[in-house]
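Okay, here's the structure, questions in a sec.
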Amino acid sequence: MKTSFYFFLWIIIYPLLGLLNTPIINQNSFIAALFVVWGLSWFLNKNMPDTLRYERLSEIASVLEEVYTENIRAFQKRLSRMVTLEFITAVYLGVAFIFVLFSMVRGSGNDWVALLIFGFFSFAAISRAFKLNQSYNKIKENPTAEECVTVMEQTYNINYSSYFNARSQTSAEAMMPSEPKHFMAFQIFSLVIAIITALLGLYFLVLGIIILIHGNGAESISGGIMYFLYGSLAAYFGIRDSLSCITYFRLHSKKS
């Protein structure tokens with residue numbers, strides 16, 4: 001599934017869990033939400049393997065083509081965006097960690113599991129951001145096709161030589177498998193979710209700004225930063241995935 005889908009899921013999961021009005025779920029809402037998201041992800045991967053595989057192949061195909069055609073500038077821009085998003089994600093998770101910690105210190109929360117999870121993901125996001133930044137700097141210092149291949153293989157864990165050998169014999173379109181059944185419906189669903197996610201992201205972004213302007217105290221400020229960063233990420237992925245779906249519809253209409 002597209003990234004915006006999971007942002008949408010995280011936004012709506014807490015209100016839906018609240019409708020159950022179950023004390024044990026209310027007291028462990030973060031863990032319950034985590035299990036629901038993981039369970040749904042497992043279910044979709046098991047029941048939609050062809051659709052999700054085709055989607056992943058479509059996404060990685062553009063990266064491979066940038067390297068194959070030696071479009072170093074486009075690949076460098078892609079890495080720059082990835083670095084920025086990873087750093088924003090790391091900051092968001094770090095602020096979430098601080099927010100949970102403040103809540104525990106003030107006695108308004110006691111969620112050790114959420115604290116540990118946010119701490120672990122914060123560390124992982126920071127590590128990814130620094131590794132991506134190192135890769136970006138390598139290409140910036142040595143903007144060659146060979147360096148792009150090395151960085152791409154390390155970043156995406158792809159054996160580029162096998163793609164290169166196959167690609168030299170045919171077109172990029174011919175290398176893609178047949179479009180799975182109901183993929184058009186999947187793209188329509190993805191577009192609707194992406195638009196909703198973008199709108200919700202803008203809402204949380206504005207809400208974060210309002211809290212930062214009118215809030216007082218460290219806990220309030222950290223909460224405002226959380227809303228602002230999460231809203232920024234949700235809005236970005238919502239807009240990005242919307243454009244991706246629209247591009248698919250345009251290409252599909254030309255083929256028709």
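For clarity, every value in this text was computed on a predicted model and none was experimentally measured.
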Original post:
Is it the case that one hydrophobic cluster holds both Leu93 and Trp38, taking links as side-chain heavy atoms less than 4.5 Å apart, direct or via other members?
Top reply: no

**OP:** Could you tell me which residues satisfy side chain to side chain donor-acceptor pair (under 3.5 Å) with Ser162, sequence neighbours excluded, listed by chain and number?
**Re:**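 Checked Ser162 against side chain to side chain donor-acceptor pair (under 3.5 Å); zero matches.
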
Subject >> Atom pair OH/NZ of Tyr136 and Lys77 - distance to nearest 0.5 Å >> reply: 10.0 Å

Original post:
Do Phe123 and Val95 share a hydrophobic cluster, counting only Ile, Leu, Val, Met, Phe, Trp and Tyr and linking them when any side-chain heavy atoms are less than 4.5 Å apart?
Top reply: no

Original post:
For Tyr6 and Phe237, what are the C-alpha separation, side-chain angles and deciding distance, and is it a side chain to side chain contact (heavy atoms under 4.5 Å, CB included)?
Top reply: CA-CA 10 Å; Tyr6 291 101; Phe237 283 110; over 6 Å; no

Subject >> Audit row: Thr84, Arg81, side chain to side chain contact (heavy atoms under 4.5 Å, CB included) steps and yes/no >> reply: CA-CA 5 Å; Thr84 301; Arg81 289 194 300 270; 5.7 Å; no

Using atom types as modelled, flag every donor-acceptor pair under 3.5 Å from a side chain in residues 60-67 to any protein atom, sequence neighbours excluded.
| from | atom 1 | to | atom 2 | distance (Å) |
| --- | --- | --- | --- | --- |
| Ser62 | OG | Glu59 | O | 2.8 |
| Ser62 | OG | Arg78 | NH2 | 3.3 |
| Glu65 | OE1 | Arg167 | NH2 | 3.3 |
| Glu65 | OE2 | Tyr163 | OH | 2.6 |
| Glu65 | OE2 | Arg167 | NE | 2.7 |
| Glu66 | OE1 | Arg78 | NE | 3.0 |
| Glu66 | OE2 | Arg78 | NH2 | 2.8 |

Original post:
Is there a side chain to side chain contact (heavy atoms under 4.5 Å, CB included) between Met82 and Thr155 once you walk through the steps?
Top reply: CA-CA 11 Å; Met82 291 173 65; Thr155 303; 4.0 Å; yes

Compile the donor-acceptor pairs under 3.5 Å between side chains in residues 146-154 and protein atoms, sequence neighbours left out, one pair per line.
| from | atom 1 | to | atom 2 | distance (Å) |
| --- | --- | --- | --- | --- |
| Glu147 | OE1 | Asn142 | ND2 | 3.1 |
| Thr150 | OG1 | Glu146 | O | 3.2 |
| Glu153 | OE2 | Tyr160 | N | 3.1 |

Original post:
Of all residues at least two apart in sequence or in a different chain, which pass the side chain to side chain donor-acceptor pair (under 3.5 Å) check with Asn165?
Top reply: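 For Asn165 there are no side chain to side chain donor-acceptor pair (under 3.5 Å) partners, ignoring immediate neighbours.
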
Original post:
Can you say whether the rings of Tyr68 and Phe164 are parallel (under 30°), tilted (30 to 60°) or perpendicular (over 60°)?
Top reply: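 Plane angle between 30° and 60°, so tilted.
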
Subject >> side chain to side chain contact (heavy atoms under 4.5 Å, CB included) evaluation trace for His182 with Thr51 >> reply: CA-CA 8 Å; His182 305 310; Thr51 299; 5.9 Å; no

**OP:** Tell me, please, which residues at least two apart from Tyr236 pass side chain to side chain donor-acceptor pair (under 3.5 Å).
**Re:**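 Not a single residue meets the side chain to side chain donor-acceptor pair (under 3.5 Å) criterion with Tyr236.
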
Enumerate donor-acceptor pairs with a distance under 3.5 Å from any side-chain N or O in residues 185-207 to protein atoms, sequence neighbours excluded.
| from | atom 1 | to | atom 2 | distance (Å) |
| --- | --- | --- | --- | --- |
| Ser190 | OG | Phe186 | O | 2.9 |
| Thr197 | OG1 | Ser4 | O | 3.1 |
| Thr197 | OG1 | Ile193 | O | 2.7 |

